[in-house]
Amino acid sequence: MELNLEITMESGQPPHFLWNCENGRFWRIVGGERRELWQEDGKLKWSEGFGEEAKHLLRSGDNLERICKAIGTDAVMRRAISRHRGLRITKNAPWETIVCFICSINNNIPRIRKMVQSLMVDGEVMPPEVMFAADLGGKKLGYRDKFLKATAEAAMSYDLSRVGRMEYENAKEALIEFEGVGPKVADCVLLFGYGFLEAFPVDVWIAREMKRGYGIEGERAIREFAKKRWGKFAGYAQQYLYCSARSR
DNA sequence: CTCCAGGTACCTT
DNA sequence: AAGGTACATGGA
């Protein structure tokens with residue numbers, strides 16, 4: 001599996017907010033167990049018993065070479081890919097992904113991470129029932145606390161796995177019903193939480209990069225262009241562009 | 001002081 | 001569909 005673990009885990013995807021990094025190893029606690037991930041000579045290593053989950057997290061089934069070949073149809077994208085070799089889309093739990101990206105609203109990565117960490121108990125994001133009942137005051141969430149409360153309450157009586165069985169457009173509409181989930185957050189959740197690789201989240205970095213690289217402006221036009229050019233792998237294209245924009 | 005950050009909700013054209 | 005504005009917070 002082609003992989004650059006460091007770039008992947010620290011590219012603004014959910015693991016960036018949920019996992020920790022210490023001397024080259026990534027770790028988090030799940031169910032009281034410490035899971036670790038690292039690379040040796042490019043080869044992925046994991047702590048005992050964590051192999052299947054690790055492969056799932058890193059979408060080992062994605063043929064990165066084939067995907068990059070499919071989306072690398074112009075100089076801008078090829079350059080983005082070459083500068084971030086081994087960057088993969090990750091697959092995370094839907095609820096954790098929703099929380100991460102509600103926290104991301106009009107926010108920066110270091111602070112998103114702080115907020116998400118403050119919403120974790122025993123290494124995991126508080127489940128909806130707990131979050132709804134929790135006192136979020138003092139966590140410095142800004143106006144996002146009311147979005148989290150409302151969405152947590154709604155999620156208590158909603159089977160989030162349903163979304164994963166819908167078509168992309170319907171799934172997006174369903175997610176936007178939650179307070180604090182708009183088009184951009186929904187696309188992030190669909191991409192990183194449900195594995196819809198056609199999702200193309202448009203944030204300020206992407207908007208900037210699309211104008212710079214392709215001369216395209218406006219959310220509507222950007223999404224149309226992305227769908228036409230990158231189709232079912234638009235999510236990967238987006239992540240390469242995002243990292244390019246941020247490393248500029 | 002202003003500007004910005006993986007935007008959304010709500011309003012008016 | 002497109003364009004405005006308020007909204008919390010902290011760092012540059």
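Labels below follow one simple rule: chain letters A, B, ... track the order of the sequence lines, proteins then strands, and each chain is numbered from 1. What you see is a predicted model, and the numbers here were worked out from it, not measured in a lab.
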Q. For DNA chain B, what string of dots and brackets results from 5' to 3' when Watson-Crick and G-U pairs need both distances under 3.5 Å, crossing pairs get [ ], and pairs with another strand get |?
A. .||||.|||||||

Q. Considering residues at least two apart in sequence or located in another chain, which fulfil the ring-ring contact (aromatic ring centres under 6.0 Å, His included) criterion with A:Phe192?
A. A:Phe101

Q.
Taking any heavy-atom pair under 4.0 Å as a contact, classify A:Gly180: base, sugar-phosphate, or nothing.
A. sugar-phosphate

Q.
Roughly how many Å apart are B:dT2 and C:dT5, using the P atom of each and rounding to a whole number?
A. 16 Å

Q. Given atom CZ of A:Arg208 and atom C1' of B:dC3, what is their separation to the nearest angstrom?
A. 12 Å

Q. With a 4.5 Å heavy-atom cut-off, do A:Leu136 and A:Leu119 have their side chains touching?
A. yes

Q) Which part of the nucleic acid does A:Ile109 contact within heavy-atom distance under 4.0 Å: base, sugar-phosphate only, or nothing? A) sugar-phosphate

Polar-atom pairs under 3.5 Å, protein N or O versus N or O of nucleotides 11-13 of chain B: list them with distances, or write none.
none

Q) Taking only residues at least two apart or on different chains, which pairs with a member in residues 52-65 of chain A satisfy side-chain hydrogen bond (donor to acceptor under 3.5 Å, both in side chains)? A) A:Arg35-A:Glu53, A:Arg59-A:Asp62, A:Asp62-A:Tyr236

Q: Grab the CG-P distance between A:Leu175 and B:dA9 for me, whole Å please.
A: 12 Å

Q) Taking C-beta and beyond as the side chain, do A:Leu44 and A:Trp38 meet within less than 4.5 Å on heavy atoms? A) no

Q) Atom CD1 of A:Ile222 to atom P of C:dA2: distance rounded to whole Å? A) 12 Å

Q) Base, sugar-phosphate, or nothing for A:Gln239, non-hydrogen atoms under 4.0 angstrom? A) base

Just the atom pairs and distances: protein N or O near nucleotides 8-12 of chain C's N or O, under 3.5 Å.
residue, atom, partner, partner atom, Å
C:dA8, O4', A:Tyr143, N, 3.2
C:dA8, N6, A:Asn106, OD1, 3.1
C:dA8, N1, A:Asn106, OD1, 3.0
C:dT9, O4', A:Arg111, NH1, 3.4
C:dT9, O2, A:Arg111, NE, 3.4
C:dT9, O2, A:Arg111, NH2, 2.4

Q: Measure the shortest side-chain to side-chain distance between A:Asp187 and A:Tyr168 over non-hydrogen atoms and say whether it is less than 4.5 angstrom.
A: yes

Q) Looking across every strand, which nucleic acid part, if any, lies under 4.0 Å from A:Val181 by heavy atom: base, sugar-phosphate, or nothing? A) sugar-phosphate

Q: Ignoring hydrogens and angles, state whether a donor on the side chain of A:Tyr214 or A:Asp74 is under 3.5 Å from an acceptor on the partner side chain.
A: yes

Q: Give A:Ser11 one of three labels, base, sugar-phosphate or nothing, depending on what nucleic acid heavy atoms sit under 4.0 Å from its own.
A: base

Q.
Output the rounded distance in Å from CD (A:Glu219) to C1' (B:dT8).
A. 11 Å

Q: Quick one: label A:Phe178 by what it contacts on the DNA or RNA (base, sugar-phosphate, nothing), any heavy atom closer than 4.0 Å.
A: sugar-phosphate

Q) With no hydrogens and no angle check, is any side-chain donor or acceptor of A:Glu124 less than 3.5 Å from a backbone partner on A:Gly31? A) yes

Q. Listed by chain and number, what are the ring-ring contact (aromatic ring centres under 6.0 Å, His included) partners of A:Phe200, not counting sequence neighbours?
A. A:Trp230

